[in-house]
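Note sheet for the following structure.
Owing to the predicted nature of the structure, the values given are computational and were not obtained by experimental measurement. Numbers here are sequence positions counted from 1.
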Amino acid sequence: MSRISRLPSSLLRVAACTGVAALTLTACGSGSGSDSASSGSGTVKVGLITKTDTNPFFVKMKEGAEKAAKENGVELSTAAGKFDGDNAGQVTAIENMVAAGVKGILITPSDSKAIVPAIEKAKAKGVLVIALDTPTEPESAVDALFATDNVKAGELIGEYAKAAMKGKTAKIAALDLAPGVSVGVQRHEGFLKGFGATEKDVACAQDTGGDQAKGQTAMENCLQKEPDINVVYTINEPAALGAYTALKAKGREKDVLIVSVDGGCTGTQAVKDGKIAATSQQYPLKMAAEGVKAVATYAKDGKKASGYTDTGVTLITDKAQDGVTSKDTAYGLENCWG
């Protein structure tokens with residue numbers, strides 16, 4: 001993201017509210033004109049902590065939270081890790097938000113296990129904590145979870161890949177996220193379940209951190225190990241596009257099936273362009289909006305959100321397969337994010 005110096009203070013505030021400064025608490029949504037730590041005692045404060053502030057998924061999540069904050073008359077503060085996996089940064093953000101007097105915190109955990117002690121401390125002070133997109137481990141560490149059913153998302157692309165292979169023997173490459181992140185584990189396991197495969201059927205598995213450059217390197221490594229790979233599962237579309245780049249360099253882009261998860265606008269366009277065969281589309285704006293509403297309700301009547309709320313997933317492809325429910329890229333591009 002580019003940096004612009006000497007902006008007027010009003011523009012600096014707008015930039016901060018859209019997440020330019022990672023780990024900086026920024027008040028948005030109430031129109032009070034003051035920061036979250038100093039606004040009037042009657043203002044309900046909500047915190048949103050994402051994994052990063054640059055990934056389009058989390059940018060859209062922030063947009064959804066900002067809109068819902070305005071609609072519900074609450075004040076939103078946002079923070080983010082410096083990188084995907086920055087648990088220490090998220091812990092600091094939780095502590096800062098609790099000190100600022102938030103009524104609830106919405107968080108996409110970078111480390112599903114390591115973040116739990118900080119969450120427990122926040123809850124002990126009466127803060128409602130809701131996980132978005134990525135569940136904690138255990139899931140019960142938070143009051144509620146609003147997220148895609150990541151197992152189902154994986155199953156959908158697994159079922160699609162199995163049908164698209166039409167009985168051919170599959171040599172699978174799995175381009176995963178990172179150890180200890182539940183969303184990556186769930187999508188991976190869902191894909192194998194949908195495909196009717198086991199870990200023994202995975203010819204090569206590499207972690208990518210969901211990054212395009214790392215996805216390319218991972219695919220290059222897999223092709224070196226198993227040149228005959230013909231199915232590629234990826235944790236998200238940036239990793240998928242990295243894989244596509246590596247395959248194209250080897251002249252293999254036409255004969256290897258790539259499937260993914262996310263449904264961002266760039267990824268959905270890549271499906272339309274034939275670079276990715278299919279993707280499972282999720283809806284981050286809805287996750288954040290529902291989370292903000294839940295905190296507003298808690299502040300109003302003390303009713304806590306609880307359990308898991310499925311925010312939906314749709315298989316997007318222009319090459320539909322018999323027996324696998326899907327929608328085309330026209331639908332996908334109408335409902336994408338980023």
Which side-chain N or O atoms in residues 102-110 pair as donor and acceptor under 3.5 Å with protein atoms at least two apart or in another chain?
from	atom 1	to	atom 2	distance (Å)
Thr108	OG1	Lys51	N	3.0
Ser110	OG	Gly85	N	3.4

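- Here the options are Asp149, Thr311, Asp262, the test is side-chain hydrogen bond (donor to acceptor under 3.5 Å, both in side chains), and the partner is Gln282; only Asp262 passes.
- Residues Gln269 and Asp273 bring a donor and an acceptor atom of their side chains to less than 3.5 Å of each other.
- With respect to Lys152 and Glu155, no salt bridge is recorded, no charged nitrogen being found less than 4.0 Å from a carboxylate O.
- Side-chain contact between Tyr283 and Thr314 is present, with heavy atoms from C-beta onward closer than 4.5 Å.
- At distances below 3.5 Å, not a single donor-acceptor pair connects side-chain atoms of Arg252 with backbone N or O atoms of Tyr244.
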Step by step, work out the side-chain contact (heavy atoms from CB on, under 4.5 Å) result for Val259 and Ile276. CA-CA 6 Å; Val259 292; Ile276 303 172; 5.7 Å; no

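- Salt bridge status for Lys286 with Asp310: absent, with no side-chain N to carboxylate O gap under 4.0 Å.
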Less than 3.5 Å apart, which donor and acceptor atoms pair up between the side chains of residues 207-215 and the rest of the protein, not counting sequence neighbours?
from	atom 1	to	atom 2	distance (Å)
Thr208	OG1	Asp176	O	2.8
Thr208	OG1	Gly210	N	3.0
Asp211	OD2	Ala213	N	3.0
Asp211	OD2	Lys214	N	2.9

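- A side-chain donor-acceptor contact under 3.5 Å links Asp201 to the backbone of Thr198.
- In this structure the side chain of Thr245 never reaches within 4.5 angstrom of the side chain of Lys248, judged on heavy atoms.
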In sequence, state the C-alpha distance, the side-chain angles, and the governing distance for Glu237 and Thr279, and then conclude on side chain to side chain donor-acceptor pair (under 3.5 Å). CA-CA 8 Å; Glu237 292 147 3; Thr279 193; 2.7 Å; yes

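- Checked for salt-bridge contact, Glu120 and Lys123 miss the test: no charged N lies under 4.0 Å from a carboxylate O.
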Take Leu156 and Val313 through the side-chain contact (heavy atoms from CB on, under 4.5 Å) test and state the conclusion after the steps. CA-CA 9 Å; Leu156 285 172; Val313 62; 4.0 Å; yes

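- In this structure, Gln224 and Glu220 have side chains that are not in contact, with every pair of non-hydrogen atoms separated by 4.5 Å or more.
- Side-chain contact of Tyr233 with Ser260: a donor-acceptor pair under 3.5 Å is absent, judged by distance alone.
- The shortest non-hydrogen separation linking Ala79 to Ala93 is CB-CB, 3.7 Å.
- The closest side-chain heavy-atom distance from Thr134 to Ser112 is below 4.5 Å.
- No side-chain heavy atom of Ile258 sits under 4.5 Å from any side-chain heavy atom of Glu253.
- Residue Thr268 comes nearest to Gly332 through the heavy atom pair CG2-C, 3.7 Å, listed as atom of the first residue, atom of the second, then distance.
- Rounding to the nearest 0.5 Å places CZ of Phe57 at 4.0 Å from CE of Met287.
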Can you check side-chain contact (heavy atoms from CB on, under 4.5 Å) on Ile119 and Ile94, steps first, answer last? CA-CA 8 Å; Ile119 288 173; Ile94 290 175; 4.1 Å; yes

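- The shortest side-chain heavy-atom distance between Phe58 and Asp53 does not fall under the 4.5 Å cut-off.
- In the model, Asp84 has no side-chain atom that pairs as donor or acceptor with a side-chain atom of Thr52 under 3.5 Å.
- The shortest distance between side-chain heavy atoms of Thr78 and Leu76 falls below 4.5 Å.
- Judged by distance alone, the side chain of Asp143 and the main-chain N or O of Val129 form a donor-acceptor pair under 3.5 Å.
- Both Val295 and Leu132 are assigned to one and the same hydrophobic cluster, defined by single-linkage of ILVMFWY side chains at heavy-atom distances under 4.5 Å.
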Using the rule given for side-chain contact (heavy atoms from CB on, under 4.5 Å), can you reason through Ile229 versus Leu247, listing the C-alpha separation, both sets of side-chain angles and the distance that settles it, and then say yes or no? CA-CA 10 Å; Ile229 282 169; Leu247 288 163; 6.0 Å; no

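- Defined by atom type and a distance below 3.5 Å, a donor-acceptor pair is present between the side-chain atoms of Tyr160 and Thr317.
- The two residues Ser77 and Met97 have their closest heavy-atom pair at O-CE, 3.5 Å.
- Note that the CD1 atom of Ile235 and the CG atom of Leu177 stand 5.0 Å from one another [nearest 0.5 Å].
- One distance of note links CH2 of Trp337 with OG1 of Thr266; it measures 8.5 Å at 0.5 Å rounding.
- The minimum heavy-atom distance linking Leu223 with Ala246 is given by the pair CD1-O, 4.2 Å.
- Between Asn221 and Thr217 there is a side-chain heavy-atom pair separated by less than 4.5 Å.
- Taken together through direct or relayed side-chain contacts under 4.5 Å among Ile, Leu, Val, Met, Phe, Trp and Tyr, Val256 and Ile172 form parts of separate hydrophobic clusters.
- Under a cut-off of 6.0 angstrom, the local environment of NZ in Lys121 is sparse, with at most 12 non-hydrogen atoms contributed by other residues, nucleotides or ligands.
- Ala100 and Lys45 make their closest contact through O-NZ, 2.9 Å (heavy atoms, listed as atom of the first residue, atom of the second, distance).
- Although no hydrogens or angles enter the test, the distance criterion places a donor-acceptor pair under 3.5 Å between the side chain of Asp328 and the main chain of Tyr331.
- To the nearest 0.5 Å, the span separating OG1 on Thr329 from NZ on Lys319 amounts to 11.5 Å.
- Note: the hydrophobic cluster containing Val142 also contains Val91 (ILVMFWY, side chain heavy atoms under 4.5 Å, direct or indirect links).
- No single ILVMFWY cluster, assembled from side-chain heavy atoms under 4.5 Å apart, contains both Val232 and Val324.
- One N or O on the side chain of Gln281 and one on the backbone of Gly263 form a donor-acceptor pair closer than 3.5 Å.
- Annotation for Ile130 and Gly291: closest pair CD1-O, 4.0 Å, computed over non-hydrogen atoms.
- One finds the CG atom of Asn55 at 7.0 Å from the CG atom of Asn236 (value rounded to the nearest 0.5 Å).
- With rounding to the nearest 0.5 angstrom, the CG atom of Leu315 is 5.5 Å from the OG atom of Ser280.
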Show your working on side chain to side chain donor-acceptor pair (under 3.5 Å) between Gln321 and Lys166 and close with a plain yes or no. CA-CA 10 Å; Gln321 299 295 321; Lys166 302 188 183 303; 3.1 Å; yes

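- By the rule that hydrophobic residues join a cluster once side-chain heavy atoms approach within less than 4.5 Å of another member, Tyr298 and Val46 end up as members of one cluster.
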